[in-house]
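See structure below.
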Amino acid sequence: MKNKKHWKNNGTKENPIYDFTYPTSWEEEEIFKENKKNIEKIKNKNIEWAKQLEHMPNNIMTALINEMENGNVLKSISKNNWPNNGSIVVSFRDKFHEENKKLKGIQWRELNDPHYCKEEIAEIFNKIEYLLIN
């Protein structure tokens with residue numbers, strides 16, 4: 001799978017965990033091109049993995065799109081009801097850009113937990129926590 005890109009559901013139908021594998025040989029320009037395509041899929045919700053994001057609140061969705069536009073690599077989308085029922089966790093490869101740490105309506109934390117993540121961006125909406133992590 002070294003040079004193929006693909007999304008794979010490593011969870012269940014009820015609790016999907018979509019992981020994205022980028023080819024190891026991709027340059028930064030290719031990542032930007034792929035991110036642009038993925039942003040369109042997210043906005044159009046026309047593919048299964050992108051549909052998982054349709055309930056993400058606006059503020060955290062803005063941070064998600066901004067990270068992709070700035071070249072951060074989307075690694076996975078998890079709708080496994082953690083930390084609460086209905087939660088969605090999206091993970092990125094790289095640290096978050098400064099402007100996304102200060103967006104209105106979200107909370108940024110630096111954790112540096114080797115078992116969890118380096119940083120998280122969270123938004124609570126209707127008592128459900130939505131997370132971006134890296």
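Computed from a prediction, not measured in an experiment: that's the story for all the values here. Hydrogens, waters and symmetry mates are skipped; everything else that's a heavy atom, side chains included, is used.
- A donor-acceptor pair is defined here as one N or O able to donate and one able to accept, closer than 3.5 Å; such a pair exists between the side chain of N72 and the backbone of D94.
- Going from atom CZ of F92 over to atom CD of E119 covers 11.5 Å, rounded to the nearest 0.5 Å.
- No side-chain heavy atom of I128 sits under 4.5 Å from any side-chain heavy atom of P57.
- Contact between N38 and W49 at its shortest, heavy atoms only, is OD1-CZ2, 3.4 Å.
- A 4.5 Å side-chain heavy-atom check between L103 and E123 finds every atom pair outside the cut-off.
- When atom types are taken as modelled, the side chain of N35 and the backbone of E69 share no donor-acceptor pair closer than 3.5 angstrom.
- Side-chain contact between E34 and F20 is present, with heavy atoms from C-beta onward closer than 4.5 Å.
- Neither I133 nor W108 shares a network with the other; the hydrophobic side chains, linked directly or stepwise wherever heavy atoms of I, L, V, M, F, W or Y lie under 4.5 Å apart, form separate groups for each.
- Hydrophobic cluster membership is shared by I47 and I77, with clusters built from Ile, Leu, Val, Met, Phe, Trp and Tyr side chains linked at under 4.5 angstrom.
- Contact of the E28 side chain with the F32 side chain is registered, since non-hydrogen atoms from C-beta on lie closer than 4.5 Å.
- A donor-acceptor contact shorter than 3.5 Å is absent between the side chain of Q52 and the backbone of P16.
- At a cut-off of 3.5 Å, with distance as the only test, no side-chain donor of E99 or N66 sits close to an acceptor on the other residue.
- Judged by distance alone, with hydrogens and angles left aside, the side-chain atoms of N81 form a donor-acceptor pair with the main-chain N or O of G86 at under 3.5 Å.
- Hydrophobic clustering (side-chain heavy atoms under 4.5 Å, transitive across Ile, Leu, Val, Met, Phe, Trp, Tyr) groups I65 together with I60.
- Put simply, CZ on R93 and CG on L74 are 11.5 Å apart, with the number rounded to the nearest 0.5 Å.
- In this structure, the separation between CD on Q107 and CD1 on I121 is 10.5 Å, given to the nearest 0.5 Å.
- The neighbour count for E54 CD, taken as heavy atoms of other residues, nucleotides or ligands under 6.0 Å away, is above 12.
- Between atom OG1 of residue T12 and atom NZ of residue K79 there is a gap of 11.5 Å, rounded to the nearest 0.5 Å.
- Between the E129 side chain and the P83 main chain, no donor and acceptor come within less than 3.5 Å of each other.
- Between the side chains of N84 and S87, at least one donor N or O sits under 3.5 Å from an acceptor N or O.
- By the side chain to side chain donor-acceptor pair (under 3.5 Å) test, N80 pairs with S78, sequence neighbours left out.
- Across every non-hydrogen atom of E67 and N100, the tightest pair is OE2-ND2, 2.7 Å.
- I88 and I106 fall within a single hydrophobic cluster, where Ile, Leu, Val, Met, Phe, Trp and Tyr side chains are chained together by heavy-atom contacts under 4.5 Å.
- At a threshold of 4.0 Å, the pair K101-E98 counts as salt-bridged, since one of the basic side-chain nitrogens sits closer than that to a carboxylate oxygen.
- N9 contributes no side-chain N or O that, together with a main-chain N or O of Y18, makes up a donor-acceptor pair within less than 3.5 Å.
- Contact check for I42 versus L64: side-chain heavy atoms found under the 4.5 Å cut-off.
- In this structure, T21 and K8 have side chains that are not in contact, with every pair of non-hydrogen atoms separated by 4.5 Å or more.
- Residue G105 comes nearest to N59 through the heavy atom pair CA-ND2, 3.5 Å, listed as atom of the first residue, atom of the second, then distance.
- A salt bridge is defined here as a Lys NZ or Arg NE, NH1 or NH2 lying under 4.0 Å from an Asp or Glu carboxylate O, and E29 with K33 meets this definition.
- Atom NE2 of H97 and atom NZ of K102 lie 13.5 Å apart (nearest 0.5 Å).
- A continuous path of ILVMFWY side-chain contacts below 4.5 Å connects L132 to V73, so both sit in one hydrophobic cluster.
- Within a 6.0 Å sphere centred on CG of N58, heavy atoms belonging to other residues, nucleotides or ligands number 12 at most.
- Atom NZ of K95 has more than 12 heavy atoms from other residues, nucleotides or ligands within 6.0 Å.
- A pairwise comparison of heavy atoms in F96 and N134 identifies N-ND2, 3.3 Å as the closest pair.
- Side-chain contact between W82 and L131 is present, with heavy atoms from C-beta onward closer than 4.5 Å.
- Closest non-hydrogen pair, L111 versus Y116, comes out as CD1-CE2, 3.4 Å.
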